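Keep in mind that what you see is a predicted model, and the values were worked out from it rather than measured. Along the sequence shown, residues are numbered consecutively beginning with 1.
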Amino acid sequence: MAERGARLLLSLLCLTFLYPATTVSRHADKGTAARPFSPFWFSVEPWDTLAVRGAPALLNCSAHSGDPASEPTAPQARVEWKKDGTFLSLAPDDGRRRVLPDGSLLISSVVHSKHNKPDEGTYQCVATIDSLGTIASRTARLTVAGMPRFSSQPTAASIRLGDSQVLACDVNPDLVPLARWEREREPLELSSRLVQLPNGALVVSNASEADAGLYRCMVENAGPAKTSEEAQLYILPEERELEFLVEPLPVTKVVGASLLLPCVVTGYPAPYVRWMVGDKLVEESEGKLELVGGGSLLIYNLTEDAAGVYSCMADNTNNTIEAKAELTVQVPPEFLKRPANIYAHESMDIMFQCEVTGSPAPTVKWVKNGDAVIPSDYFKIINEHNLQVLGLVKSDEGFYQCLAENDAGNVQSSAQLIILEHDVALPTPPHPSLTPDTTDHVTPGSRGVANPTGPTPSAPRDVVASLVSTRFIKLTWRPPAEPNGEDLTYSVYFNQEGTNRERILNTSRPGEMQVTIQNLMPDSKYKFRVVAHNKNGLGESSAILKVATQGEVQVPGPAPNLQAVSTTPTSVTLSWDTPLTGNGDVLTYKVYYMEKGLDLEQDIDAGALSYTLMGLKKFTEYSIRVVAFNKHGPGVSTGDIPVTTLSDVPSAPPQNLTVEVHNSKSIMVRWQPPPPGAQNGEITGYKIRYRKGTRKSEAAETTGGTQLFQLIDGLERGTEYTFRVSAITVNGSGPATEWSTAETFESDLDESRVPDIPSSLHVRPLVNSIVVSWTPPENQDMVVRGYTIGYGIGSPHAQTIKVDYKQRYYSIENLDPSSHYVITLKAFNNVGEGIPVYESAITRPQSVPDPTPMLPPVGVQASVLSHDTIKVTWADNSLPKNQKITDARYYTVRWKTNIPANTKLKTANTTNLSHMVTGLKPNTLYEFSVMVTKGRRTSTWSMTAQGTTFETIPSSSPKDVTVVSKELKPRTIIVNWQPPSEANGKITGETKHTVIRFIQSQRNKWSETRAASKSSNSSHKYKGNSKDLKPPDLWIHHERLELKPIDKSPEPNPVMTDTPIPRTSQDINPVDPSLDNSLLQRRNSYRGHESEDSISALAGRRGMRPKMMMPFDTQPPQQSVRNTPSTEPLPPQAQPPCQAEHQHPDPEGSYQGSTATDDEPSASGSYCSAGQPPTAHVRPTHPLKSFAVPANPAANFESPALPSTPLLTQTALDHCLHSVKTASIGTLGRVRPPMPVTVPSAPDVPETSKMLEDVDSSYEPDELTEEMAHLEDLMKDLNAITTA
């Protein structure tokens, strides 16, 4: 019994000792071991589903937790469903929708109507385990098929045998898989000839007679079947042009799917259809690629590299057509790196990494325990995908999910974050997902020890901010007063004022007592404290230090997610997101782009988050970046991204197309690529089209992209063919060249011997080259492959050149000037060279042209100095400013007049800047121009200058002066004359000095004079220049009688005409004496283009002969003249010379004056004894005015721009020997206002003894009357002859 009691006591003692040990061991294990991660995942996730109204729909979902092998009693997940982001409220009595035990959602009867669609939408499965957390599945779309609707139905159509046709049947896109076809109300079995397109249409290819019939489209398995209208298909045998019935369209598909690219072509002859992707020919491959329906391309199990531009090309013997479409293959998101589970302590920074790929690029968002993570100062998205959490707190623990989504689908992956207590050490080694700031410096046991065995350090001393900036602060401190160990490390805890999240940063090595905290916010307050570590653990914390960062000009950060997509060959569409660090509202964005290989960067403003660059070069690579702007200016630029614009068809044809007849049945076609700037992409081939003669039908052949020639064979003999070539890119064919013609040989040429000698050879030497031209041998039956040209100085064998057989000329370059070259030409073929032909030539000598051309003189002026002299002056811009000539240059002056038109040019040389041209004709318009010559250089002629010489007095007297008596007026005579040969100006009047002196002389002398007159002129015509016929005592002195133009003159500016004179002296009016002074100073107006030659020619006409009638009175002048406008006589000592008197016109243009009859002749002024000369009147009929009477010029005869020269002043006679009665000048039948004419006394004549003798003698009155009557008869006859 005692033994038993001892054993019991020993057992109790053992239990007493064992229990504390076990307890301590358990506690120690709890303190050192981290809680393991708990697996939590979806084994099944929902997928997109097409439901039918009224039918059931099932969305699968199943979630699991833990390892079934090690944890058979793992907690069951609670599954809930979200629809369009909101949890579904599934009541227990809801029999239509319920969650199955495995977590799947069953909808027993789908409800769908036009205004009520409760079941259609996006669904998501959410699984929760209270002790672990919550995870969410991928999203799935539930689509409810609508009622069948036909947007287009089949219609009656015709098809040729062997051709293709399309019967339309467009239904709801979601019901296309439920559509089928019937022929003659029987199901139609599809085949490679009968293909249903993705939109439901039916393609009938390679038609046969059996394809004719009634067709209809039907939609089944969506409630009651619905059928379309029936359409009849007819079979026809006629030809048809090549054309597309259905062309491929751009399409987007998900990788792994199958795709049908439709291409239906009709035409006769039946076309051959082939496909190209890029520049590669698509070849059929079983299980991958297949041609169906006569030309449509069926692609199975799409891969990402199947994307590209597909071209459907159809050819027949008449034409080639092409259609293209782009295939875009989308790839659902896939994880390259999934987020991993993380252990961490509070205040640490961690990062969940998540790398995904897909096409288009997927977007990533993060979820924590089923709720979206919103980016903030402590939750940041790094590198667009990774999630960084700063300053961990206990509530951050849970499940984090990375959700990636694009147009092709979405995926999710989860990771768990466990935050350990500070006394629990992090697992060893640290988890790779920890950030460098924490994991690189966290050593095993440094952050927590199971059983501290010694004292820890005291607080670090003197913590200060040694450097403060806008986004970082540098802290320094001194070691603790009580380190209690060596190799101390430090941790800096900091947080932004106003937040509870405290972050930690460790020093990089033991003993370091400074750290720089980066990535702080500008103009913000932070709290800092420092803690030292030794081998025993964390020590005491320092006092909190408050520091504020500096403010900064806040500019935007880089715009994330910059993407560039070429949408057309000349445009690129850009898109980007708002900068994550906006630092204020973004005002605008600026897009910078630059062509590759150039240094010129261009920019353009963009106000939104996208922009389309227009006007770019085709198939050209550009680099693009974007900069955001706010009120402070430009922000941080994005990185440059490259983009290449799309290719296009070539915009120019191939170059240098040549056709060469190869033989009687083939022609070689050669060409060069289009210009590089017009290729617009990679040239994938060339298409040669050719036709025979004038036929419209064409044949075509296609070559590879690098082949620049093609031999066209199988042609007909002696037939003309035309060719043209176009370049091909992946986008299609570009423009073709012009048609080029060649004719095949009637028979193949002979090449059994060498060609004959060329039929001709011609050379044309230049300074440094010789142009050689030739004609082929006369025998055209021999093949000529080309020609050999030999040349050299003195020998033709120094150099040899071979040219093509089609070439007919060649320029031999780089020759020596003034050298004798011998040239030879030989034709050759494959047998050898033929007989040469020789020629020689001497190149021209070298001339060194002056590089500076001579400039013509400028500022040429013509200054008129007199009637025969004009001074020409000019300036020379090639001289210095002082216009001083220092070199051996000279000037050439040339001049001419345009009347007559064929006048020759006259020239004169001078070394001065002016020249005096003399010997000119008076009153003539001349044109002058000047050029300069210096050595061998000569300028062009300068601009012309004009000048008209002054008028001068006539240099010859009037011609053919005749005197005729007036019929029935014994006291009147008519004087006729012609203008002078050299008028030297416009004849506006002639001066006639009329002094009749009747001196008594002996009868026998007068009789002798009359007899001499009769014997010398039997026609009774008196010539004015005859010295023997004038009466001895009769002096006729004419003065200031005006010549007038003939009314009948055909010339536009007639020179002269009959001068109208009143028949009697009663028509003569007196003249106002006040006009006398101005009369003597009248200037003469003359048209510059009229010359003396024209005056002489016009004056020779009979109708232009001037006439003058002069009445004479035998009574003494003192008794027959009366003064109407009387003037006081001057004293004898003050008498002036005899002057003409003038009269002013009245407002009506007539002239006021007195009239006189034959018996009472009128005098227009006092006699010379009174100091005034007598005057007569004539009418002003010339538009250029009389110098006696100022008259208004006629507008149709005179131009105001004509030059004028002063008329020489007519001076009055110094003395008046006798007074003269009034004389009238005119033509019968004229009624015009008279014009005054002054008739002064005769000039002074020396009184010789002869004259004194005549004064003493006198005539009897009867004899004088008889002689005057006889003289009047003679004058009458003369006047009749002249006026006829």
Considering all heavy atoms, the nearest V79-C125 contact: CG1-SG, 3.4 Å
Identify the two heavy atoms, one from N534 and one from P455, that lie closest to each other, and give their separation to 0.1 Å. ND2-O, 3.1 Å
Would one find more than 12 heavy atoms of other residues, nucleotides or ligands at under 6.0 Å from atom CG of N561? yes
With heavy-atom distances below 4.5 Å as the criterion, would you say the side chains of N341 and I418 are in contact? no
Taking the inter-plane angle between the rings of W366 and F352 on a 0 to 90° scale, is it parallel (under 30°), tilted (30 to 60°) or perpendicular (over 60°)? tilted
For the CG atom of N484 and the OG atom of S458, what is their distance to the nearest 0.5 Å? 7.0 Å
Spatial distance of atom CG (D102) from atom CG (N60) [nearest 0.5 Å]: 7.0 Å
Considering non-hydrogen atoms only, spot the tightest contact between P460 and A532 and give its length. CG-N, 4.2 Å
So which atom in G409 and which in P333 form the shortest heavy-atom distance, rounded to 0.1 Å? O-CD, 3.3 Å
Does R78 pair with D130 as a salt bridge, N-O distance under 4.0 Å? yes
W477 backbone acceptor or donor facing D462 side chain under 3.5 Å: no
Does any N or O in the side chain of Q401 come within less than 3.5 Å of the main-chain N or O of A136, such that one atom is a donor and the other an acceptor? yes
Tell me whether the count of non-hydrogen atoms from other residues, nucleotides or ligands lying under 6.0 Å of CG in L336 goes above 12. yes
Between D84 and T86, a side-chain donor and acceptor under 3.5 Å: no
Counting N and O atoms only, with roles assigned by atom type, does the side chain of S395 sit under 3.5 Å from a partner on the main chain of V393, one being a donor and the other an acceptor? no
Are a donor atom and an acceptor atom from the side chains of Q388 and K380 found within less than 3.5 Å of each other? no
Side chains of F42 and R138: closer than 4.5 Å at any heavy-atom pair? no
Does this structure show an ion pair linking D585 with K631, if we count only N-O contacts that are shorter than 4.0 Å? no
Verify whether one side chain among S62 and S43 offers a donor that lies under 3.5 Å from an acceptor in the other. yes
Apply side chain to side chain contact (heavy atoms under 4.5 Å, CB included) to the pair F399 and T134, showing each step before the final yes or no. CA-CA 7 Å; F399 282 91; T134 302; over 6 Å; no
E502/R529 salt bridge by N-O under 4.0 Å criterion: yes
Quick one: do Y123 and W81 satisfy side chain to side chain contact (heavy atoms under 4.5 Å, CB included)? Show the steps, please. CA-CA 7 Å; Y123 289 81; W81 284 87; 4.2 Å; yes
With a 6.0 Å cut-off on the ring centroids, do Y343 and F37 count as close? yes
Around atom CD of E304, are there more than 12 heavy atoms of other residues, nucleotides or ligands at under 6.0 Å? no
Does K596 NZ have over 12 foreign heavy atoms under 6.0 Å away? no
Side chain proximity check, Y490 to Q514, heavy atoms < 4.5 angstrom: no
Electrostatic pair R625:E601 at N-O distance under 4.0 angstrom: yes
Would you say K474 has more than 12 foreign heavy atoms packed within less than 6.0 Å of its NZ? no
Heavy-atom donor-acceptor pair, S347 side chain to R503 backbone, under 3.5 Å: no
Could you state the interatomic distance from CD (Q412) to SG (C402), rounded to the nearest 0.5 Å? 9.0 Å
I'd like to know if the side chain of S575 reaches the main chain of S610, judged simply by a donor and an acceptor atom lying under 3.5 Å from each other, with no hydrogens or angles considered. no
Short question: side chain of D349, backbone of G391 - any donor-acceptor pair under 3.5 Å? yes
Within the distance-only criterion (no hydrogens, no angle test), does the side chain of D603 pair as donor or acceptor with the backbone N or O of K590 below 3.5 angstrom? no
Taking atom CD of E497 as the centre, report whether more than 12 heavy atoms of other residues, nucleotides or ligands fall under 6.0 Å from it. yes
W41 and H64 aromatic ring geometry - parallel, tilted or perpendicular at 30°/60° bounds: tilted
To the nearest 0.5 Å, what is the distance between OG (S414) and CZ (R338)? 9.0 Å
What do the steps show when you test T357 against V331 for side chain to side chain contact (heavy atoms under 4.5 Å, CB included), and what is the final call? CA-CA 8 Å; T357 183; V331 181; over 6 Å; no
Consider only side-chain N and O atoms of T499 and Y378, and report whether a donor and an acceptor are under 3.5 Å apart. yes
Any chance you could measure K337, atom NZ, to N386, atom CG, to the nearest 0.5 Å? 8.0 Å
Minimum heavy-atom distance between H345 and V424, given as atom pair plus value: NE2-O, 2.6 Å
Could you tell me the separation between the OG1 atom of T128 and the CD atom of E80, rounded to the nearest 0.5 Å? 5.5 Å
Side chain proximity check, E421 to K394, heavy atoms < 4.5 angstrom: yes
Above 12 or not: heavy atoms from other molecules or residues under 6.0 Å from NZ of K365? no
Heavy-atom side-chain contact between I624 and V572 under 4.5 Å: yes
Could you check if a side-chain atom of V468 sits within less than 4.5 angstrom of a side-chain atom of V547, using non-hydrogen atoms only? yes
Using side chain to side chain contact (heavy atoms under 4.5 Å, CB included), reason through Y400 and L387 one step at a time and then give a plain yes or no. CA-CA 9 Å; Y400 289 81; L387 174 65; 3.8 Å; yes
If you compare all heavy atoms of L132 against all heavy atoms of Q416, which two are closest, and at what distance to 0.1 Å? CD2-NE2, 4.5 Å
Is the side chain of T638 donor-acceptor paired with the backbone N or O of V626 at a distance under 3.5 Å, no angle test? yes
So I517 and V515, do their side chains get closer than 4.5 Å, heavy atoms only? yes
Got a donor-acceptor contact below 3.5 angstrom from the N406 side chain to the P332 backbone? no
Among I473, V463, V530, side-chain contact (heavy atoms from CB on, under 4.5 Å) partner for L545: V463
Looking at side-chain heavy atoms only, is the closest gap between L538 and T456 below 4.5 Å? no
Check: H385 main-chain N/O paired with N383 side-chain donor or acceptor under 3.5 Å: no
With side chain to side chain donor-acceptor pair (under 3.5 Å) as the criterion, how do D605 and T588 come out once you've worked through the C-alpha distance, each side chain's angles and the decisive distance to 0.1 Å? CA-CA 7 Å; D605 291 331; T588 185; 4.8 Å; no
